[in-house]
Amino acid sequence: MFFALTPFLWMIVISVTTEPDFLITGNVSYTFQNYRNVLTSPSLNFPAYLKNSLIVSSVTALIVTIITSFSAYAVTRFRFPGRVAIPVAVLALSMFPQISIVGYLFRLFSDFGLTNTYAALILPYTAWTTPIALWINMSYFFQIPTDLDKAALVDGAGRVKVLFKIILPLALPGVFSAFLLVFIMSFNEFLFALMLTIDHSAQTIPVGIALFQGIHGEIPWGNLMAASAVSSVPLVALTLLFQKYIVSGLMSGSVKA
Amino acid sequence: MHSKLLKQINSRETVIALLFLFPVIAFSAAFILFPIFGTFVNSMYRDVSYLPRAFIGLDNYSSALTSTGFWRATVFTLLFAAVAVLLELFLGLLFALLLNEKFRGRGVLRAAVLIPWAIPTIIAGRTWQVMYQYSYGVINFIFTSSGVAENNINWLGTSYSAFWAIVLADVWKTTPFVVIILLAGLQAIPGDLYKQAKVDGATMVKRFTKITLPLLSPVILVAVIFRTIDSLRIFDLVYVLTGGGPGGTTQTLSYIGYQHFNNDQFGMGSTISVIMFAISFAITIVYIKKGNFKKGIN
């Protein structure tokens, strides 16, 4: 507990003190100026980073949730060649280090003029987070009896209607945990974001925080920790609030084997 | 007649199935498979900004394999992965066993353990950076005021301490993942087994080594493989904490790959990337073989 919380608490402490060296000087004074700075100072661009992160992560999570719902439906409901091979291959692809594709994507996106756009992040993030969402959805869809679909199909419903009216409502907890995990993974990603964006029109929070520099060389720790706290608090809150879904998502995404 | 009809239905099913799977296949192919292939091709080219692009076969590989920077990064990456994964596994098992016991406040603890997992790695890295800070960082403050160290330690300034600084930050960030996976494994072990063992007079140590460990070993294997693959590609923490320094001693394979790309040396960057890809591929094969995926689908 202590081990898990200390750095997070220390981030908060630094973010509300005027000088980060209070431990040796002994002068502690508290302030909210750091928060005011990061939220309002136009030169720090922090609100832009936050906005970019939220848009990129939400759109990625939405796309991934939709496409993996269709795929998971196909894998759990149809018999066809590649039923086992395709999900396993998709999972295997996600195991490769980001560095092994990011250089190529950089060139590709430059050629298409996509560098420094939301699409430059959303496209690879979608590919990268698809496997975990696919496997989570599959594990939930398998638990729904196929008799339910069959009854609806006999009544004349189409496959898409069955997926939206029967499967998705029943598998909602699973679909939701897939959505959450993809959102958090996209929010946290750094290497793609670092290489495929150039400035605050598309850079995300991790890039903003990593490149955060003071004007005179010394890192402005108070501002930096305030920015870190503002960015972490929503994620920590989401995690604590939806802990059940995140845990079950992590479990079905990896222990399923 | 009957079999013909069945075939028709099946082929219709196949078409719909592939249609439903198309977006997933398309994304994976376009943004993972195809770029990996392209990287492989690029790795055999001289591709720098100041010379014309030219095919040079395996020259990039031979210069990588004979450069000290590459081997230093390889050793650092492997050593880091080995130490970090071992520590994470040990701590993860310890915490999972604790959290599997019934006690007051278990729910709160289980939630708290997830906090490091939820914080972006870059932000965690920055927070550790301020804690490792030389003159006023809280870690040096605790060390010197408790008498553990006489003088402040330059955590990120010497290669030896920087290694441990990166390991500690990584262990903090990723142990929660191991805890969650192992806890799930522990909960799947039937409680009756322990009751019976208690009746038979088995000690706690014996119950652990004879029941818990063997039944948990498949889950442990999954956790180890996931964590190994992930820690071999470590980049974020190195970028923030040391920038590969001091003197390049904490550069990892991902980091030197990134540096090559960043310096417009695309051929060499691709070569490093292919080598990393090969390492991950080997581990992934083991994972696919060990994990019983077919059983999960059929």
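Because the structure is a prediction, the values reported are computed rather than measured. Chain A is the first sequence line, chain B the second, and so forth, proteins listed ahead of strands; every chain is numbered from 1.
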Inset, instruction - Please state whether the side chain, the backbone, both or neither of A:L23 comes within less than 4.5 Å of a heavy atom of chain B. - result: both

Inset, instruction - Measure from the side-chain N and O atoms of B:R233 to the backbone N and O of A:Q98, and report whether any donor-acceptor pair falls under 3.5 Å. - result: no

Legend entry - Heavy-atom check, side chain of A:L194 versus side chain of B:Y258, under 4.5 Å: yes

Inset, instruction - Against chain B, label A:L181 side chain, backbone, both or neither, depending on which of its atoms sit under 4.5 Å from a heavy atom there. - result: side chain

Inset, instruction - Identify the two heavy atoms, one from A:I219 and one from B:R126, that lie closest to each other, and give their separation to 0.1 Å. - result: CD1-NH1, 3.6 Å

Inset, instruction - Give the minimum heavy-atom separation between B:A111 and A:L240, together with the two atoms involved. - result: O-CD2, 3.5 Å

Inset, instruction - Pick one of side chain, backbone, both or neither for A:M225, based on which atoms fall under 4.5 Å of a heavy atom in chain B. - result: side chain

Legend entry - Point-to-point distance, once rounded to the nearest 0.5 Å, from CZ of B:F27 to CD1 of A:I67: 5.5 Å

Legend entry - Distance-minimising heavy-atom pair for B:S280 and A:P97: OG-CD, 3.1 Å

Inset, instruction - First locate atom CG of A:L93, then atom CZ of B:F31, and finally report the distance between them rounded to the nearest 0.5 Å. - result: 13.5 Å

Inset, instruction - Quick one: do A:W128 and B:I32 satisfy side chain to side chain contact (heavy atoms under 4.5 Å, CB included)? Show the steps, please. - result: CA-CA 8 Å; A:W128 210 261; B:I32 300 181; 3.9 Å; yes

Inset, instruction - For A:F78, check ring-ring contact (aromatic ring centres under 6.0 Å, His included) against everything at least two apart and list the hits. - result: A:Y73

Inset, instruction - Counting only heavy atoms closer than 4.5 Å, note whether A:M195 contacts chain B via side chain, backbone, both or neither. - result: side chain

Legend entry - When A:F80, A:F8, A:W221, A:F70 are compared by non-hydrogen pairs under 4.5 Å with chain B, the top option: A:W221

Inset, instruction - Under 4.5 Å heavy-atom distance to chain B, tell me which part of A:L123 shows up: side chain, backbone, both or neither. - result: both

Legend entry - Shortest non-hydrogen separation from A:N188 to B:P120 and the atoms involved: OD1-CG, 3.2 Å

Inset, instruction - Report yes if some heavy atom in the side chain of A:P206 is under 4.5 Å from a heavy atom in the side chain of B:I123; otherwise report no. - result: no

Inset, instruction - Taking the six-membered ring for Trp and the single ring otherwise, decide whether the centroids of B:F34 and A:Y104 are under 6.0 Å apart. - result: yes

Legend entry - Reported CZ-to-CD1 distance for the pair B:F235 and A:I99, which is rounded to 0.5 angstrom: 6.5 Å

Legend entry - Shortest non-hydrogen contact between B:V24 and A:S71, atoms and distance: CG2-OG, 2.9 Å

Inset, instruction - Identify whether the distance between the nearest side-chain nitrogen and carboxylate oxygen of B:E13 and A:R159 falls below 4.0 Å. - result: yes

Inset, instruction - Drop me the distance from B:I181's CD1 to A:M251's CE, to the nearest 0.5 angstrom. - result: 9.0 Å

Inset, instruction - Output the option from B:R110, B:Q133, B:Q129 having the highest count of non-hydrogen pairs under 4.5 Å with chain A. - result: B:Q129

Legend entry - Over all atoms of both residues, closest heavy-atom pair of A:P7 and B:W128: CG-CZ2, 3.6 Å

Inset, instruction - Flag the pair B:Y239 / A:F190 as yes when their ring centroid distance falls below 6.0 Å, and as no otherwise. - result: yes

Inset, instruction - For chain B, find which of A:S100, A:A74, A:A72 contributes the most heavy-atom pairs closer than 4.5 angstrom. - result: A:S100

Inset, instruction - Answer with side chain, backbone, both or neither: which region of A:F22 has an atom nearer than 4.5 Å to a non-hydrogen atom of chain B? - result: neither

Inset, instruction - Measure A:F141 against the heavy atoms of chain B and call it side chain, backbone, both or neither at under 4.5 Å. - result: neither

Legend entry - Between A:P131, A:P20, A:P81, A:A92, the one whose heavy-atom pairs under 4.5 Å with chain B are most numerous: A:P20

Inset, instruction - Measure distances from B:N42 to the heavy atoms of chain A and classify the residue's part below 4.5 Å as side chain, backbone, both or neither. - result: side chain

Legend entry - A:S94 versus chain B, the contacting section by heavy-atom distance below 4.5 Å: backbone

Inset, instruction - To the nearest 0.5 angstrom, please state how far the CD atom of A:Q243 sits from the CD1 atom of B:I180. - result: 7.0 Å

Legend entry - Side chain to side chain, A:V75 and B:L21, heavy atoms closer than 4.5 Å: yes

Legend entry - Exceeds 12 heavy-atom contacts within 6.0 angstrom, atom OH of B:Y136: yes

Inset, instruction - With a 4.5 Å heavy-atom cut-off (strictly below), which parts of residues 262-274 of chain B touch chain A? List them by number. - result: B:F266, B:S273

Legend entry - Under 4.5 Å from any heavy atom of chain B - which part of A:T130: side chain

Inset, instruction - Indicate yes or no for a side-chain donor-acceptor contact from B:S28 to the backbone of A:V90 under 3.5 Å, with no hydrogens or angles considered. - result: no

Inset, instruction - Please flag which part of B:I229 lies under 4.5 Å from any non-hydrogen atom of chain A: side chain, backbone, both or neither. - result: side chain

Legend entry - Segment of B:F141 engaging chain A (4.5 angstrom heavy-atom cut-off): side chain

Inset, instruction - Name the region of A:I246, side chain, backbone, both or neither, that has any atom closer than 4.5 Å to a heavy atom of chain B. - result: side chain

Inset, instruction - Can you measure from OG1 (A:T68) to CZ (B:F20) and round to the nearest 0.5 angstrom? - result: 13.0 Å

Legend entry - Side-chain touch A:T6/B:W172, heavy atoms, less than 4.5 angstrom: no

Legend entry - Note, A:L235 side chain near B:I119 side chain (heavy atom, < 4.5 Å): no

Inset, instruction - Heavy-atom distances under 4.5 Å only: say whether B:L183 touches chain A with side chain, backbone, both or neither. - result: neither

Inset, instruction - Could you have a look at B:I36, B:V130, B:T39, B:L114 and say which one has the most heavy-atom pairs with chain A under 4.5 angstrom? - result: B:V130

Legend entry - Part of A:L238 lying under 4.5 Å from any heavy atom of chain B: neither

